[in-house]
Every structure is written in C-alpha cells, then in structure tokens.
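The block underneath contains the structure these notes are about, expressed in structure tokens.
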2 protein chains.
Amino acid sequence: MKIDKEALQQLCPTRDVLDRIGDRWSVLILSELEEGSRRFTVLRRAIPDISQRMLAQTLRHLEADGLVTRTVYPTIPPRVDYALTELGRSLMAPLRALVAWAEANHQAVRDARQRYASTVTDGSPSTARPIMAASA
Amino acid sequence: MKIDKEALQQLCPTRDVLDRIGDRWSVLILSELEEGSRRFTVLRRAIPDISQRMLAQTLRHLEADGLVTRTVYPTIPPRVDYALTELGRSLMAPLRALVAWAEANHQAVRDARQRYASTVTDGSPSTARPIMAASA
DNA sequence: CTGCATCCGAGAGGATACTG
DNA sequence: CAGTATCCTCTCGGATGCAG
C-alpha cells in the first residue's frame with residue numbers, strides 16, 4: 001500500500017521545488033541556461049559529467065515544471081534550444097544566494113566532516129556514538 | 001569500479017550542501033530547529049511523516065556537516081538536544097529565500113506540470129515529444 | 001527515550017545500443 | 001544532432017526488532 005504522495009505534498013508544498021533542486025543536475029543546468037539559451041550538445045559539453053540520459057531526463061522535468069522552454073527547429077540535422085522561462089529566471093535569484101552560500105562555506109562543511117569522522121574513529125568500539133558532555 | 005567522488009566534488013563544490021538540501025528531510029529539520037533547540041522526540045512529533053530511522057540518520061549527517069549540535073544528557077531516560085550551530089544559522093537566510101520562492105510559486109509549477117502532462121497525452125502515439133514551432 | 005541493525009522495495013542514475 | 005530504450009547497480013527510505 002503506497003502512502004499517497006498527494007497528501008505529503010499538501011504538508012510540504014515546497015517538495016516540488018526542493019526535489020528539483022536536490023536532484024544533482026538541475027542546478028548545474030539552470031546555472032548554465034542563466035547565461036543564455038543553449039543547445040543540447042552545448043549543455044552536454046558544459047557539464048561533462050552528465051550522461052546524455054540524465055541530461056535529457058532532467059531537461060524534460062525542468063520543462064514540465066515550466067522552468068525552461070524547449071524549442072525544436074525541424075532542420076537536418078535537428079536542433080533544439082533550451083532557455084529559461086520567466087518562472088525559471090525568477091528562481092535564479094534565491095538559487096544563486098544558496099549556491100553562493102555553498103561556495104563560501106563548503107570548506108567549513110568539509111572541515112566539520114573531517115573532525116566528525118576523526119571523532120567517530122577515535123577510540124569508539126563499533127556502535128558507540130560521540131557523546132558531548134552536557135553543558136548544564 | 002567506482003568513479004571517485006572526490007574528483008566530482010572538485011568540479012562541483014556545492015554538491016556538499018545541495019545534496020543535504022535535496023534529501024527530503026534536512027530542510028524540514030533545519031526549519032524546525034531554527035525556532036530553538038529540540039529534543040529527538042519533539043522533532044519526531046513536529047515532522048510526523050519522518051521515520052525514526054531517517055530522523056536519526058539525517059540528524060547525524062547535519063551534525064557531521066557542522067550544521068547542528070548534538071547534546072547528550074546522560075540521564076535516565078536519556079535526553080538529547082539538537083540545535084543549530086552558527087554555520088547552520090547562517091545557512092537559514094538563503095534557505096528561507098528559496099523556501100519562500102517555493103511557497104510562492106509551487107502552484108505555478110503544479111499548473112505547468114498539468115499543462116505538460118496534457119500536452120504529452122494529447123494525440124501523441126508513444127515516443128513522440130511535444131514540439132514547439134521555431135519562432136524565427 | 002534515543003537510537004542502531006537488518007531486511008526489503010522503489011527509484012536515481014550510469015553505460016550502452018539504437019533511431020530519425 | 002538529439003534523443004529513446006534497455007539493463008544494471010547503488011542508494012534512499014520505510015518497517016520492524018533490539019539495546020542502553
């Protein structure tokens with residue numbers, strides 16, 4: 001029995017957007033498109049790590065969400081341009097803020113992970129968790 | 001053979017943060033903690049849909065990333081408080097902006113998906129994609 | 001109360017091959 | 001060039017049971 005996702009959506013209306021942000025490629029693609037419309041292959045080269053499957057899929061999702069437009073030129077060879085919609089552009093402002101934070105603080109996050117890892121590794125048998133003494 | 005994630009991290013330093021944002025529960029937990037420190041069970045009740053397993057796991061991740069602190073009071077029964085760190089609080093500003101955008105525009109996204117779905121369903125055999133005429 | 005361990009199904013995402 | 005289809009792997013995340 002599946003818990004209906006519709007009900008979950010009512011509780012968390014932001015899921016629609018956050019899921020898209022979190023899916024590894026959307027942010028990269030949106031950032032690239034922010035600088036102007038791009039063809040499929042150009043996007044692929046701009047994001048070398050993405051597989052063509054995920055690029056196509058993610059672009060369809062973004063299109064479905066109304067964040068990008070897809071324009072097909074019925075030429076030979078075919079040509080398809082992707083560009084941000086108004087909605088997509090309006091998303092870039094808060095998104096850039098988040099990315100800026102990430103760029104500014106990712107090193108701090110890395111350091112924290114390093115410390116955390118060493119804390120765990122340090123003298124802990126197997127299932128023990130690090131314990132911080134109560135301050136009160 | 002696993003492609004080393006380290007190399008990918010170098011290309012996308014924001015992955016650290018974005019992955020955390022995208023993992024379904026972090027944002028909810030951080031939002032809850034923004035209003036003050038919370039005990040494990042209180043968090044669970046505040047986010048009814050989360051399973052015990054994911055709450056503990058997500059909290060450990062957030063702790064590892066240096067975004068929240070974990071304070072154990074060695075009492076019986078045990079009591080554990082979670083709270084935002086400075087780093088965590090500094091993340092909330094851009095995060096709130098993004099959530100605000102999501103709340104303001106999620107309906108637009110929903111509508112877009114609706115239109116997209118009907119476009120696809122409309123008279124398309126099976127593998128055909130919607131085609132937009134070139135404007136030029 | 002706070003959480004870890006285990007089992008399990010569903011989905012993300014990569015590699016490859018094929019099409020118009 | 002711009003995809004789609006298939007296969008396969010790995011992680012996410014829920015359910016349940018156990019422990020300090």
Side-chain angles (χ1 to χ4, degrees), chain A residues 1-5 8 12 15 18-26 28-29 37-45 47-63 68 70-82 120 124-132 134, chain B residues 1-5 7-8 12 15 18-26 28-29 37-45 47-63 70-82 120 124-132 134:
Chain A
M1 183 213 311
K2 297 181 65 66
I3 300 173
D4 56 318
K5 295 189 177 182
L8 188 60
C12 316
R15 276 290 106 211
L18 271 349
D19 282 350
R20 202 56 67 238
I21 304 296
D23 76 353
R24 191 175 207 91
W25 300 118
S26 297
L28 274 320
I29 294 175
S37 73
R38 292 282 188 274
R39 303 182 50 167
F40 188 89
T41 306
V42 175
L43 279 174
R44 245 200 115 175
R45 274 194 293 265
I47 313 173
D49 303 305
I50 196 172
S51 65
Q52 97 198 102
R53 180 187 187 277
M54 291 316 296
L55 179 55
Q57 187 176 104
T58 306
L59 283 169
R60 281 204 307 286
H61 284 157
L62 294 173
E63 183 196 3
V68 312
R70 179 174 182 269
T71 310
V72 176
Y73 299 87
T75 58
I76 306 254
R79 172 201 176 117
V80 181
D81 273 22
Y82 294 92
V120 173
S124 300
S126 71
T127 60
R129 305 299 312 156
I131 302 228
M132 307 181 70
Chain B
M1 186 212 309
K2 299 180 66 67
I3 300 172
D4 56 318
K5 295 187 176 181
L8 187 60
C12 314
R15 275 293 104 211
L18 272 350
D19 281 351
R20 204 55 70 240
I21 303 296
D23 76 352
R24 190 176 207 91
W25 300 117
S26 297
L28 273 320
I29 294 175
S37 73
R38 292 281 188 275
R39 301 185 49 171
F40 188 89
T41 307
V42 175
L43 280 173
R44 245 200 116 175
R45 274 194 294 266
I47 312 172
D49 302 305
I50 198 172
S51 66
Q52 195 174 27
R53 180 184 186 277
M54 291 318 296
L55 179 56
Q57 186 176 103
T58 306
L59 283 169
R60 278 203 310 283
H61 284 156
L62 294 173
E63 183 196 4
R70 179 173 181 272
T71 311
V72 176
Y73 299 88
T75 57
I76 306 252
R79 171 201 174 117
V80 183
D81 272 22
Y82 295 92
V120 173
S124 301
S126 72
T127 59
R129 306 298 314 154
I131 302 223
M132 308 180 69

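Chain letters run A, B, ... following the sequence lines, proteins first, then strands; residues in each count from 1.
- When side chains are defined from C-beta on, B:Val80 counts as touching B:Arg70, because their heavy atoms get closer than 4.5 Å.
- B:Ile76 places its CD1 atom 12 Å from the P atom of D:dG20, with the value rounded to the nearest Å.
- A:Gln52 comes within 4.0 angstrom of a nucleotide base, judged by non-hydrogen atoms across all strands.
- With values rounded to the nearest 0.5 angstrom, B:Glu63 atom CD is found 12.5 Å from B:Thr58 atom OG1.
- Listed nucleotides C:dG13, D:dA2, C:dG3 differ in distance to A:Arg24; the shortest reach to its side chain belongs to C:dG13.
- With the nearest nucleotide of DNA chain D identified for both B:Ser51 and B:Pro78, B:Ser51 has the one nearer the 5' end.
- In this structure, B:Arg79 forms a cation-pi arrangement with B:Tyr73, its terminal cationic atom sitting closer than 6.0 Å to the ring centre and no more than 45° off the ring axis.
- Side chains of B:Leu55 and B:Ile29 form a contact here, defined as non-hydrogen atoms less than 4.5 Å apart.
- Toward the 5' end of DNA chain C, the nearer of the two residues A:Asp23 and B:Val42, judged by each one's closest nucleotide, is B:Val42.
- Nucleotide D:dT4 holds its P atom 10 Å from the CG atom of A:Leu59, rounded to whole Å.
- Among C:dG13, C:dT6, D:dG3, the nucleotide with an atom closest to any side-chain atom of A:Trp25 is C:dG13.
- For the pair A:Met54 CE and C:dG11 P, the interatomic distance rounds to 14 Å; values are reported in whole Å.
- Within the 4.5 Å cutoff, the side chain of B:Arg38 has no heavy atoms near those of the B:Asp81 side chain.
- Taking atom CD1 of residue A:Ile50 and atom P of nucleotide C:dG14, one finds them 7 Å apart after rounding to whole Å.
- Look at A:Arg70 and you won't find any side-chain N or O under 4.0 angstrom from OP1 or OP2 of D:dA2.
- For A:Arg60 and D:dT4, the shortest distance from a side-chain N or O to OP1 or OP2 is below 4.0 Å.
- In this structure, B:Arg79 atom CZ and C:dG3 atom C1' are separated by 17 Å, rounded to whole Å.
- For the pair B:Asp19 CG and D:dC10 C1', the interatomic distance rounds to 14 Å; values are reported in whole Å.
- Spacing between atom CZ of B:Arg44 and atom C1' of C:dC1 amounts to 11 Å, rounded to whole angstrom units.
- Rounded to a whole Å, the NE2 atom of B:His61 is 11 Å from the C1' atom of D:dC12.
- Checking C:dG3, D:dG13, D:dG3 against every side-chain atom of B:Arg53, the shortest atom distance belongs to D:dG13.
- Residue contacts shown for B:Arg39 are limited to sugar-phosphate atoms, with no base heavy atom under 4.0 Å away.
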